[in-house]
Every structure is written in C-alpha cells, then in structure tokens.
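Worksheet: one structure, shown below.
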Amino acid sequence: MAPEVNYTYNAVVRSVYDADTIRVDIDTGFSTWRHNESIRLLGIDAPEIRGEERPEGLISKAWLLDKIPPGTEIIIQTIRDRTGKYGRYLAYIWHDGVNLNEQMLIEGIAKPYV
C-alpha cells in the first residue's frame, strides 16, 4: 500500500542525477521558493549510474531526463514535509498528468523499493 500523500507543490527541474534522484526548485507558496532541493523518487529503486549497474543506470537516467529535462515544470507530492536520512525529500513526481514513479515501474525502468 502506498504511503498517504500529505503535501503537493509545483516545482521546476534543475537536474536529473539518476532515475531516482533529481534536483528541483520548489514553489512553497506565497512567492516563496526552495532552490536546488534534492528529491528521492518515492517507492522506486532504479539502477545506479556507478558500478556494475552503470549501463542500466544510464539507460534509466536517460529515460527520466527525456521526460523531465532541466526547466520542466512538474508537481511533487511528499508523504512528509521533511527530508529522509540522506537529506532528500521523498516524493512522487508528476508531469503531464503522469506519475513518473509509477510509470518507471510499469515500463521496467525501476523496481519497487522495499
């Protein structure tokens, strides 16, 4: 069962590190922005871009980069309004009405994070 979403924000993609970590500028409302925040895509585990998984990791990163290149406006939904153990916000990301976390699972770009 997916965690309950508590917070929804508009954001602009700054960079895609790999298929489960991106950096964004977040519109927190009332003309207030959080810049260059690290987001860990919730519920997925994508191949790493280093080590043995590198070839698959580069393919999955390219898939996500094709969907949301820098400058793309997205919606992020978080389960809590604080960071995880590595200082990243955990979030679902949406673009053009598509939950990209879920789409990566459907297309085999990532596996469920357990």
Side-chain angles (χ1 to χ4, degrees):
M1 180 176 203
E4 182 179 337
V5 173
N6 294 322
Y7 304 93
T8 300
Y9 301 100
N10 293 319
V12 177
V13 176
R14 288 185 69 130
S15 64
V16 173
Y17 175 74
D18 61 18
D20 54 25
T21 305
I22 63 174
R23 288 198 164 270
V24 298
D25 293 335
I26 305 169
D27 179 356
T28 60
F30 301 103
S31 300
T32 304
W33 287 76
R34 300 280 312 246
H35 294 283
N36 204 29
E37 292 290 343
S38 185
I39 303 292
R40 170 70 165 84
L41 277 65
L42 185 60
I44 68 166
D45 186 24
E48 299 300 322
I49 59 171
R50 299 174 199 252
E52 291 180 18
E53 294 181 323
R54 182 173 171 78
E56 295 85 6
L58 292 175
I59 290 168
S60 59
K61 176 184 177 177
W63 183 93
L64 187 58
L65 196 53
D66 180 61
K67 303 291 186 220
I68 55 166
T72 302
E73 294 181 9
I74 62 172
I75 295 172
I76 61 172
Q77 293 181 312
T78 66
I79 59 167
R80 60 180 184 226
D81 224 7
R82 58 189 167 99
T83 58
K85 78 178 194 179
Y86 294 109
R88 300 174 293 185
Y89 288 95
L90 303 174
Y92 296 109
I93 59 171
W94 293 79
H95 179 61
D96 287 340
V98 175
N99 177 328
L100 294 179
N101 306 47
E102 185 177 286
Q103 194 62 37
M104 281 193 263
L105 294 174
I106 290 168
E107 294 189 29
I109 302 298
K111 297 176 184 173
Y113 182 80
V114 286

Kindly compute the distance separating CD (Glu48) from CZ (Arg54), expressed to the nearest 0.5 Å. 12.0 Å

Closest heavy-atom pair, Ser15 versus Pro70, reported as atoms and distance to 0.1 Å, is CA-CG, 4.4 Å

Look at the side-chain heavy atoms of Ile, Leu, Val, Met, Phe, Trp and Tyr, link any pair under 4.5 Å apart, and say whether Ile74 and Leu65 land in one connected group. yes

Closest non-hydrogen atom pair, Tyr9 against Asp27: CD2-O, 3.6 Å

Any sub-3.5 Å donor-acceptor pair from Asp20's side-chain atoms to Ala46's backbone N or O? yes

Does a side-chain heavy-atom distance below 4.5 Å link Pro112 with Leu105? yes

Shortest non-hydrogen contact from Val16 toward Lys61: O-CE, 3.2 Å

Distance from Ile76 atom CD1 to Tyr92 atom OH, nearest 0.5 Å? 13.5 Å

Tell me, do Trp63 and Leu100 make a side-chain contact under 4.5 Å, heavy atoms counted? yes

Examine distances only and state if a side-chain atom of Asn6 and a backbone atom of Ile79 form a donor-acceptor pair shorter than 3.5 Å. yes

Quick check: do Tyr89 and Arg34 have side-chain heavy atoms less than 4.5 Å from each other? yes

Value for CD1 (Ile39) from CZ (Arg88), rounded to nearest 0.5 Å, stands at 10.0 Å

Can Tyr17 be reached from Leu41 by stepping across I, L, V, M, F, W or Y side chains whose heavy atoms are under 4.5 Å apart? no

Please indicate whether Glu73 has more than 12 foreign heavy atoms, meaning atoms of other residues, nucleotides or ligands, lying under 6.0 Å from its CD. no

So NZ of Lys67 and CG of Asp96: to nearest 0.5 Å the spacing works out to 10.0 Å

Contact check, side chains of Asn101 and Ile93, non-hydrogen atoms, under 4.5 Å: yes

More than 12 foreign heavy atoms under 6.0 Å from CD of Glu107: is that the case here? yes

Could you check Val12, Val24, Asp25 and say which one makes a side chain to side chain contact (heavy atoms under 4.5 Å, CB included) with His35? Asp25

Over-ring placement of Arg40 relative to Tyr113, 6.0 Å and 45° cut-offs: yes

Please determine whether the number of non-hydrogen atoms from other residues, nucleotides or ligands lying under 6.0 Å from atom CD of Glu56 exceeds 12. yes

Nearest 0.5 Å please: distance from the OG atom of Ser38 over to the CZ atom of Arg14. 12.0 Å

Rounded to the nearest 0.5 angstrom, the OG1-CG distance for Thr21 and Leu64 is 10.0 Å

